[in-house]
**Student:** 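Just dropping this structure here.
In each ligand, atom 1 is the first atom listed, and ligand 1 is the first ligand listed. As a basis for the values below, the full set of heavy atoms in this structure was taken, side chains included, without hydrogen atoms, waters or symmetry mates.
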Amino acid sequence: MTENKGIMLVVSGPAGSGKGTVNAMLLKRDDFAFSVSATTRAPRPGELDGINYHFITKEGFIERINSGDMLEYTEYCGNFYGTPLKEAEEVLRSGKNLILEIEVEGAMNVKRKYPDAVLVLLLPPSYSVQEERLRGRGTETEEKILQRLARAKEEVALADCYDYVVYNYDGKADEAAAHILSIVDAEKRSIKRNGRVAEKYLNS
Ligand code: 5GP
């Protein structure tokens with residue numbers, strides 16, 4: 001018998017790692033849910049409020065921090081991003097695994113508060129591929145691209161704080177998603193998540 005509570009799964013990846021694509025594959029399963037973050041960043045074309053992010057004002061964001069409604073938050077490249085607490089707790093209680101698509105500082109804060117959280121670092125196959133992907137996306141100005149590449153270097157330097165690393169090769173997002181699934185599957189079977197194994201078994 002495995003524990004019923006869902007796993008808090010942090011998937012961090014520098015800009016261009018393809019974390020959106022990989023996570024979308026995991027989210028096709030009904031045992032995974034996405035933590036919709038709040039942000040003060042403007043929506044990109046195609047992004048929907050309440051689906052990709054809760055797009056809110058800086059004042060609204062600060063209010064939510066002050067009312068204790070953020071599990072964690074950070075400032076990233078000039079905007080605030082944060083994980084709504086109540087929504088996260090509800091999903092985990094329901095038994096679903098919750099994907100937090102957040103950057104490294106947030107990931108560290110999650111691990112401090114929830115030591116059982118599983119931290120996965122998703123990386124492009126190489127730094128040069130990352131740069132190509134970011135420029136190819138065409139959604140950011142050159143200044144923003146350089147800012148995000150610089151940030152990516154800082155993030156990768158903190159790789160040792162993560163539990164797992166998964167590489168996302170071109171055209172192989174399905175493989176990266178499969179690797180993450182196997183990590184979650186192994187975690188579900190870990191002894192630390194399956195308390196009193198002998199007692200439960202011998203009484204079954
Ligand atoms: P983007 O602007 O590209 O959507 O996101 C910028 C960065 O912020 C990404 O690394 C993304 O994973 C991260 N991010 C998104 N939501 C959150 C959040 O709620 N908390 C933290 N700490 N980072 C977030």
**Student:** Should the ring pair Y76 and Y81 be called parallel, tilted or perpendicular, given that the plane angle runs from 0 to 90° and is split at 30 and 60?
**Tutor:**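 Ring orientation of Y76 relative to Y81: perpendicular.
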**Student:** Considering only non-hydrogen protein atoms, determine which one is nearest to atom 14 (N) of ligand 1 and report residue, atom name and distance to 0.1 Å.
**Tutor:**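 Atom 14 (N) of ligand 1 sits closest to the protein heavy atom E101 O, 3.6 Å.
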**Student:** Only heavy atoms of G106, strictly under 4.0 Å: list the atoms of ligand 1 that pass.
**Tutor:**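 Under 4.0 Å from G106, ligand 1 has these atoms: 22 (N).
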**Student:** Tell me which part of R148 gets within contact of ligand 1: side chain, backbone, both or neither, using heavy atoms under 4.0 Å.
**Tutor:**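 It is the side chain that touches ligand 1; the backbone stays farther off.
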**Student:** What is the nearest protein non-hydrogen atom to atom 4 (O) of ligand 1, stated with its residue, atom name and distance?
**Tutor:**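 Here the nearest protein heavy atom works out to Y53 OH, 2.5 Å.
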**Student:** When you measure from atom 21 (C) of ligand 1 to each heavy atom in N79, I102, V110, which option holds the nearest one?
**Tutor:**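 It is I102 whose heavy atom sits nearest to atom 21 (C) of ligand 1.
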**Student:** Does S190 offer a backbone N or O that forms a donor-acceptor pair with the side chain of N194 under 3.5 Å?
**Tutor:**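 A pair under 3.5 Å: yes.
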**Student:** Give the residue and atom name of whichever protein heavy atom lies nearest to atom 22 (N) of ligand 1, and the separation in Å to one decimal.
**Tutor:**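 Answer for atom 22 (N) of ligand 1: E103 OE2, 2.6 Å.
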**Student:** Would you say the side chain of R112 lies within less than 4.5 Å of the side chain of E72, judging by non-hydrogen atoms?
**Tutor:**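 Counting from C-beta outward, E72 and R112 never come under 4.5 Å.
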**Student:** Select one of side chain, backbone, both or neither to describe which atoms of R44 lie under 4.0 Å from any atom of ligand 1, heavy atoms only.
**Tutor:**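 For R44, only side-chain atoms sit under 4.0 Å from ligand 1.
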**Student:** So for ligand 1, is S37 a polar contact partner (N or O within less than 3.5 Å, distance only)?
**Tutor:**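 N/O-N/O distance under 3.5 Å: yes.
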**Student:** To the nearest 0.5 Å, what is the distance between CG on L181 and CG on D174?
**Tutor:**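 Going from CG on L181 over to CG on D174, the span is 11.0 Å.
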**Student:** Measure K19 to ligand 1 on non-hydrogen atoms and call it side chain, backbone, both or neither using the 4.0 Å cut-off.
**Tutor:**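 Side chain only.
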**Student:** With heavy-atom distances below 4.5 Å as the criterion, would you say the side chains of E47 and F55 are in contact?
**Tutor:**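 A side-chain contact under 4.5 Å exists here.
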**Student:** Quiz question: by atom type and distance under 3.5 Å, do the side chains of S37 and T39 form a donor-acceptor pair?
**Tutor:**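 There is no such pair (donor and acceptor under 3.5 Å, judged by atom type) between the side chains of S37 and T39.
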**Student:** Could you walk me through whether E105 and T74 pass side chain to side chain donor-acceptor pair (under 3.5 Å), step by step?
**Tutor:** CA-CA 7 Å; E105 196 189 331; T74 196; 2.8 Å; yes
**Student:** Short question: side chain of D163, backbone of L119 - any donor-acceptor pair under 3.5 Å?
**Tutor:**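 A pair under 3.5 Å: yes.
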**Student:** Between Y73 and ligand 1, does any nitrogen or oxygen pair lie at a separation below 3.5 Å?
**Tutor:**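 No: no nitrogen or oxygen of Y73 is under 3.5 Å from one in ligand 1.
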**Student:** Ignoring angles and geometry beyond distance, decide whether G82 reaches within less than 3.5 Å of ligand 1 through its nitrogen or oxygen atoms.
**Tutor:**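 Among all N and O atoms of G82, at least one is under 3.5 Å from an N or O of ligand 1.
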**Student:** Distance alone, cut at 3.5 Å: any donor-acceptor contact between the side chains of Y73 and T83?
**Tutor:**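 Result is no, nothing qualifies.
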**Student:** Could you say whether the N/O atoms of Y76 and ligand 1 ever approach to under 3.5 Å?
**Tutor:**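 There is no such contact.
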**Student:** By the definition salt bridge (charged side-chain N to carboxylate O under 4.0 Å, His left out), identify the one residue from R41, R44, R135 that meets it with E140.
**Tutor:**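 It is R44; the other options fail the test.
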**Student:** Counting both backbone and side chain atoms, is some N or O of E47 under 3.5 Å from an N or O of ligand 1?
**Tutor:**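 So ligand 1 has no N or O lying under 3.5 Å from an N or O of E47.
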**Student:** Between E155 and ligand 1, does any nitrogen or oxygen pair lie at a separation below 3.5 Å?
**Tutor:**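 The answer is no, given that E155 and ligand 1 share no N or O pair closer than 3.5 Å.
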**Student:** Starting from atom 20 (N) of ligand 1, locate the nearest protein heavy atom and write down its residue, its atom name and how far away it is, to 0.1 Å.
**Tutor:**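 Atom 20 (N) of ligand 1 sits closest to the protein heavy atom E72 OE2, 2.7 Å.
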**Student:** In the single-linkage hydrophobic clustering (I, L, V, M, F, W, Y; side-chain heavy atoms under 4.5 Å), do L123 and L100 co-cluster?
**Tutor:**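 Yes, it is one cluster - the side chains of L123 and L100 are joined through contacts under 4.5 Å.
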**Student:** Applying a strict 4.0 Å limit to heavy atoms, is R41 in contact with ligand 1?
**Tutor:**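 R41 counts as a contact of ligand 1 under the 4.0 Å cut-off.
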**Student:** Within a distance under 4.0 Å of any heavy atom of T83, pick out the atoms of ligand 1 and give their elements.
**Tutor:**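 Selected atoms, number and element: 19 (O).
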